[in-house]
Amino acid sequence: MPSFTVFKGAKDGVPKKSTTQKPDQLVGDQVYVRVTASGVCGTDLHFLTHDMVLGHEGVGVVDAVGPDTKYLKKGDRVGWGYATDSCGHCDECISGEEIFCPQRAMYSEANLDQGSFSSGAVWREAFLHRIPDAISDEAAAPLQCGGATVFTALYDVKPNEVVGIMGVGGLGHLAIQFAAKMGCRVVVLSGTDSKRTQALELGAHRFVAMKDADPRELVEKSLWPLSRLLVTTSAQPAWDSILPMMAPRSRIYPLSVSSGNLVIPYMPLIDKGIAVQGSLVATRSVHRQMLAFAAMHKIRPVIQTFPMTEEGIKEALDRLDKGQVQYRAVLVPQ
């Protein structure tokens, strides 16, 4: 197995080109994937100063397979996301919730010598997902984490359910599309009116600008009480304005990664029986349902492409950090 190029975090926060060497022979159900596209996720910003290979929204072509592989063959297109391994035997694994396995392998926790900011990677066949023919490599990459994350908060939704989506960004613009195609009534909450047209074009039915609005007016404007709310913004919302819009026994999904504390008013949660639901990443089953659904319903991320070079990666991450990407950055090997 040849060595492959990778791009790692560094103390100065500027990605550096490096090399990862794997054994000459693949073992078990290992698969060598030649990377053809990588999404750039907000989570990657958290690890810019860490000595690890960056990226976890990978798409590529199978170049070689180990002796125990059963389903993949050379030339197949596959993707992977945040989770790349688990024990397969604990209660979480056998119940289909392997993302909570005590021995799980997750981005930034294991396999620090490889990621999707690279020319290749070696993963277990069991944690690779076939990419439907209808989805290009570049479009598939952001679905491996961004798409899977919002789909996880939506896959059990009921048709005609009122879904609120806070933020029209990397996660939000995908959530709008999924929720609309699932038959939901989609209410988008955004700071200002600037993204109203885009949100409606993506499938939203109502758009509410939150800035400087009175909570009572927001309830009147939204008309539909929200049965679930996906918070995709990096900053916490003004909960005093949001909670009056929630329906009794509704659920709130904070989806953006933050190291701070979630601070939310106590009594409105009790009065309406509102639940705040933690949501990690997609299980393999949900991940594959997401890809099939996206292919069938032509759900695609809005992307900007950058070369997978030190300069290209730095530009993509800098623009992402400044909120200047619309809506997902994708790296393409040169």
Side-chain angles (χ1 to χ4, degrees), residues 2-21 33-61 79-82 84 106-123 136-149 167-174 232-235 255-260 281 300-334:
S3 63
F4 47 88
T5 300
V6 297
F7 296 89
K8 306 176 69 173
K11 289 183 178 180
D12 61 2
V14 179
K16 301 292 192 298
K17 185 177 180 179
S18 185
T19 301
T20 289
Q21 179 72 48
V33 181
R34 174 173 52 83
V35 176
T36 55
S38 171
V40 181
C41 181
T43 311
D44 297 321
L45 294 171
H46 295 273
F47 303 108
L48 277 178
T49 59
H50 293 221
D51 183 21
M52 57 175 274
V53 181
L54 301 169
H56 57 279
E57 291 185 330
V59 171
V61 176
W80 75 88
Y82 220 84
T84 52
M106 306 283 275
Y107 179 58
S108 81
E109 296 177 1
N111 299 306
L112 302 184
D113 63 337
Q114 58 179 9
S116 62
F117 291 12
S118 62
S119 63
V122 176
W123 303 115
S136 70
D137 294 357
E138 292 83 358
L143 297 179
Q144 305 310 307
C145 180
T149 295
V168 188
L171 293 177
H173 91 287
L174 289 169
T232 71
T233 53
S234 55
L255 297 181
S256 295
V257 175
S258 174
S259 59
V281 294
R300 302 291 184 270
V302 177
I303 64 172
Q304 292 178 256
T305 59
F306 299 83
M308 195 181 291
T309 60
E310 287 184 346
E311 296 77 13
I313 294 171
K314 183 179 185 304
E315 181 185 1
L317 288 166
D318 285 347
R319 294 185 65 173
L320 177 63
D321 192 32
K322 295 173 182 175
Q324 296 175 349
V325 174
Q326 191 180 16
Y327 286 109
R328 301 290 296 196
V330 175
L331 304 173
V332 180
Q334 301 304 291

(request) Kindly check if the number of other-residue, nucleotide or ligand heavy atoms within 6.0 Å of CG (Asp51) is above 12? (result) no

(message) With a 4.5 Å cut-off on side-chain heavy atoms, are Gln114 and Phe4 touching?
(response) yes

(request) Quick one: closest heavy-atom pair of Val35 and Trp80, and the distance? (result) CG2-CH2, 3.8 Å

Which pairs of donor and acceptor atoms, one on a side chain in residues 325-334, lie under 3.5 Å apart (sequence neighbours left out)?
residue : atom : partner : partner atom : Å
Tyr327  : OH   : Gln198  : OE1          : 2.9
Arg328  : NH2  : Glu57   : OE1          : 3.1
Arg328  : NH2  : Glu57   : OE2          : 2.6
Gln334  : NE2  : Val332  : O            : 2.7

(request) For the pair Ser118 (side chain) and Val6 (backbone), establish whether a donor and an acceptor sit closer than 3.5 Å, ignoring hydrogens and angles. (result) no

(message) Using 30° and 60° as the class boundaries, would you call the ring planes of Phe47 and Tyr107 parallel, tilted or perpendicular?
(response) perpendicular

(request) Taking salt bridge (charged side-chain N to carboxylate O under 4.0 Å, His left out) as the test, write out the residues that go with Glu310, two or more places apart. (result) none

(request) Could you check if a side-chain atom of Lys8 sits within less than 4.5 angstrom of a side-chain atom of His50, using non-hydrogen atoms only? (result) no

(request) Mind listing the closest non-hydrogen atom pair of Pro301 and Ala139 along with its distance? (result) CG-O, 3.2 Å

(request) Please identify each residue that fulfils ring-ring contact (aromatic ring centres under 6.0 Å, His included) with His46, with sequence neighbours left out. (result) none

(request) Report yes if the side chains of Leu143 and Leu174 come closer than 4.5 Å at any heavy-atom pair, otherwise no. (result) yes

(request) Let me know which of Glu109, Met106, Gln144 forms a side-chain contact (heavy atoms from CB on, under 4.5 Å) with Tyr82. (result) Met106

(message) Within this structure, what is the SG-CG distance for the pair Cys41 and Leu317, rounded to the nearest 0.5 Å?
(response) 10.5 Å

(message) What I want to check is whether the side chains of Thr36 and Asp137 have a donor and an acceptor closer together than 3.5 Å.
(response) yes

(message) Which heavy atom of Leu171 sits nearest to which heavy atom of Thr149, and what is that distance?
(response) CD2-CB, 4.4 Å

(request) Supply the atom-to-atom distance Glu311 CD to Lys17 NZ, rounded to the nearest 0.5 angstrom. (result) 9.5 Å

(request) Please step through side-chain contact (heavy atoms from CB on, under 4.5 Å) for the pair Thr84 and Asn111, ending with a clear verdict. (result) CA-CA 9 Å; Thr84 52; Asn111 299 306; 3.4 Å; yes

(message) Is it the case that over 12 heavy atoms from other parts of the model lie below 6.0 angstrom from the NZ atom of Lys16?
(response) yes

(message) Looking at Val302, is its backbone amide N or carbonyl O close enough to the side chain of His173 to form a donor-acceptor pair, meaning the two atoms are under 3.5 Å apart?
(response) yes

(request) Can you measure from CD (Gln324) to CD (Gln304) and round to the nearest 0.5 angstrom? (result) 9.5 Å

(message) Tell me the closest heavy-atom pair linking Ser116 and Gly55, and the distance in Å.
(response) OG-C, 2.9 Å

